[in-house]
Amino acid sequence: MSEDMKPEWNDPNEPEKFSTVIKKGQEQEGQSVVIEKNIVYRKRQTKEPSVEELVDGVLSGNRGQLARAITLIESNAEQHFYKAQELLQKLLSHSGKSIRIGITGVPGAGKSTFIEAFGTYLCDLGLRVAVLAIDPSSSLSGGSILGDKTRMEQLSRNPRAFIRPSPTAGKLGGVHRKTREAMLICEAAGFDVILIETVGVGQSEVIIRDMVDFFMLLVLTGAGDELQGMKKGIMELADAVLVHKADGANKVKAEQTRKEYSRILHFLQPATKGWASKAYTCSSLTGEGIKEVWEVIKDFEEKGKSRGVFAERRKGQQRDWIYSLITDQLHYSFFHHPEVKLQLPQLENEVMAGEKTAATAVEILFNAFLSSFSEK
């Protein structure tokens, strides 16, 4: 090879260690060469399933169609709203037969670990379990941060289980605004137990309380400081407190913590009428206490149904759902109003510059929003 063709990184002192052969492409005999120009490759458009196809798929237990149905109702696209409502209306009569369980807890309490162990136990009993894992949303991308499905590997492979992670989308209390609809669709698909895991941020967990039958609070050992930090309001919502990770050297401490929580719960107003909330210990590692937790829930369901409390709670939740949707719809309508969208950026700047008070800016926006209705 000529010197001018050798790269600058070759070693001139040992030229034999570098050799390069450049061969021109050769056209084989009988081979036709066709070069197509200006080819544009487009992603294949998948056809959206119809409402009837989704209904049939969900009722037959088709996991793919179930996932598509939940994706539809979670969509914020305006064209999907009426299709989603039509789907829910057709599935409504097939829902309501499962036991709905909400699970929250302090950070690090092992909520996902518990759900995997508890869900696997229920599947082994022959029950079908759906897990709606509510992930905190990234403030940058808006996507899920924790990825609960990846943290429940064993349960996600179980054919009797279905796990659906959803980002909170900024909803206070760590509950996605479409969780209620997703829960109804899972019930229509024939799941016996619905587990809803919240972020456990300790704020407004009443949202999840208002959509489940049984509400569990997971805590860790170390009752002293933790009891001081635990908000009384959250404990008042719980039908049971579970002291998690009660295994090994931690077992004795867990029992002490259980007694502390039981004493506190004794002085609080019960979350459910006619039911005394108590504290229990369990370990997802050894499985100890998991069976007892399910027995407590079954006892709760039996007593609640016999006293009418179960049905009364669900009716109240349906009523609260109306007001929740009204709030969401007003929020959407206000911020998508043309005049509000036009004036909001300027008013924001004026408030930040100290030229207007926040209350004045809000009044201007509401006058613009309401004026369109008065003109009609």
Side-chain angles (χ1 to χ4, degrees), residues 97-106 109-132 155 161 183 191-198 200 205 208-221 223 230 234-247 251 254-314 317:
K97 300 178 181 68
S98 68
I99 175 77
R100 306 165 182 174
I101 303 170
I103 301 171
T104 190
V106 296
K111 295 183 290 295
S112 295
T113 307
F114 169 77
I115 289 174
E116 179 165 50
F118 186 54
T120 301
Y121 170 77
L122 295 179
C123 289
D124 290 342
L125 293 179
L127 299 171
R128 297 185 66 205
V129 180
V131 180
L132 302 178
L155 186 60
M183 179 177 64
F191 287 94
D192 306 293
V193 182
I194 311 292
L195 302 177
I196 303 179
E197 176 198 2
T198 69
E205 293 298 313
I208 188 69
R209 166 78 274 182
D210 286 343
M211 67 175 73
V212 298
D213 306 312
F214 190 87
F215 190 61
M216 288 191 289
L217 172 65
L218 262 64
V219 297
L220 296 171
T221 56
M230 181 64 64
I234 298 177
M235 290 188 64
E236 284 181 331
L237 300 176
D239 294 305
V241 173
L242 302 184
V243 183
H244 196 212
K245 302 181 182 180
D247 45 60
K251 195 171 182 180
E255 181 59 26
Q256 294 173 348
T257 304
R258 183 196 68 78
K259 292 178 181 178
E260 290 292 329
Y261 275 106
S262 291
R263 279 196 286 268
I264 296 294
L265 289 168
H266 180 71
F267 293 104
L268 297 179
Q269 182 177 349
T272 303
K273 185 168 58 178
W275 176 260
S277 301
K278 297 179 181 178
Y280 308 88
T281 60
C282 71
S283 168
S284 297
L285 183 64
T286 65
E288 189 174 350
I290 297 293
K291 177 183 177 182
E292 287 71 22
V293 171
W294 179 238
E295 289 175 350
V296 168
I297 294 173
K298 292 300 292 179
D299 184 41
F300 172 88
E301 182 182 17
E302 183 182 341
K303 290 180 179 178
K305 287 182 175 179
S306 64
R307 296 169 182 169
V309 177
F310 209 83
E312 183 183 344
R313 167 168 282 168
R314 288 204 173 182
Q317 290 173 351

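- Here the closest non-hydrogen pair linking A271 and A238 is CB-O, 3.6 Å.
- Panel note: side chain S283, backbone T286; a donor-acceptor pair is recorded below 3.5 Å.
- Using modelled atom types, no side-chain atom of R100 and backbone atom of V193 make a donor-acceptor pair closer than 3.5 Å.
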Task: Stepwise salt bridge (charged side-chain N to carboxylate O under 4.0 Å, His left out) test for E312 and R307 - done: CA-CA 10 Å; E312 183 183 344; R307 296 169 182 169; over 6 Å; no

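- Once rounded to the nearest 0.5 Å, the distance linking CD1 of I208 with OG1 of T198 reads 6.5 Å.
- Contact between V293 and M216 at its shortest, heavy atoms only, is CG1-SD, 3.8 Å.
- Side-chain contact of E116 with S284: a donor-acceptor pair under 3.5 Å is absent, judged by distance alone.
- Aromatic ring centres of Y121 and W294: separated by at least 6.0 Å.
- Within the 4.5 Å cutoff, no side-chain heavy atoms of L122 are placed close to those of R128.
- Atom NE2 of residue H266 and atom OG of residue S277 lie 12.5 Å apart, to the nearest 0.5 angstrom.
- A donor-acceptor pair under 3.5 Å is absent between the side-chain atoms of S98 and the main chain of I194, judged by distance alone.
- The 12-atom threshold is exceeded at CD of E295, counting heavy atoms of other residues, nucleotides or ligands nearer than 6.0 Å.
- When each of L218, T120, L195 is tested with I115 by the rule side-chain contact (heavy atoms from CB on, under 4.5 Å), just one qualifies, namely L195.
- I101 is not listed as a side-chain neighbour of F215, based on a closest heavy-atom distance of 4.5 Å or more.
- In this structure, S262 OG and Y280 OH are separated by 8.0 Å, a value rounded to the nearest 0.5 Å.
- When side chains are defined from C-beta on, F191 does not count as touching L127, because their heavy atoms never get closer than 4.5 Å.
- Atoms CD and CE, from Q317 and M211 in turn, are 8.5 Å apart once rounded to the nearest 0.5 Å.
- Under 3.5 Å, the side chains of D239 and T272 contain a donor-acceptor pair of N or O atoms.
- Counting only heavy atoms from C-beta outward, the side chains of K278 and R258 never approach each other to under 4.5 Å.
- In this structure, the side chain of E288 does not engage the main chain of A246 through any donor-acceptor pair within 3.5 Å.
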TODO: Apply the test salt bridge (charged side-chain N to carboxylate O under 4.0 Å, His left out) to residues K305 and E301: give CA-CA distance (whole Å), side-chain angles for both, the deciding distance (0.1 Å), then the verdict.
DONE: CA-CA 6 Å; K305 287 182 175 179; E301 182 182 17; 3.0 Å; yes

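- Between T281 atom OG1 and Q256 atom CD the span is 12.0 Å, to the nearest 0.5 Å.
- Annotation: side chain of L217 is not in contact with side chain of L242 (no heavy-atom distance under 4.5 Å).
- Salt bridge present: D213 and R314 bring a charged side-chain N and a carboxylate O closer than 4.0 Å.
- Under the 4.5 Å side-chain criterion, counting only non-hydrogen atoms from C-beta, L220 is in contact with K245.
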Task: Working for side chain to side chain contact (heavy atoms under 4.5 Å, CB included), residues D299 and W275 - done: CA-CA 10 Å; D299 184 41; W275 176 260; 3.6 Å; yes

TODO: Report the C-alpha separation of V129 and F118 in whole Å, then their side-chain angles, then the decisive distance to 0.1 Å, and conclude whether the side chain to side chain contact (heavy atoms under 4.5 Å, CB included) test is met.
DONE: CA-CA 10 Å; V129 180; F118 186 54; over 6 Å; no

TODO: Decide yes or no on side chain to side chain contact (heavy atoms under 4.5 Å, CB included) for K298 and E302, but give the supporting numbers first.
DONE: CA-CA 6 Å; K298 292 300 292 179; E302 183 182 341; over 6 Å; no

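- Side chains of I297 and E292 form no contact here, defined as non-hydrogen atoms less than 4.5 Å apart.
- For the atom pair K291 NZ and L125 CG, the distance stands at 9.0 Å (nearest 0.5 Å).
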Task: Intermediate values then yes/no, side chain to side chain contact (heavy atoms under 4.5 Å, CB included), M183 and I196 - done: CA-CA 9 Å; M183 179 177 64; I196 303 179; 3.9 Å; yes

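- Inter-residue side-chain proximity for V241 and L265 is flagged as met; some heavy-atom pair is nearer than 4.5 Å.
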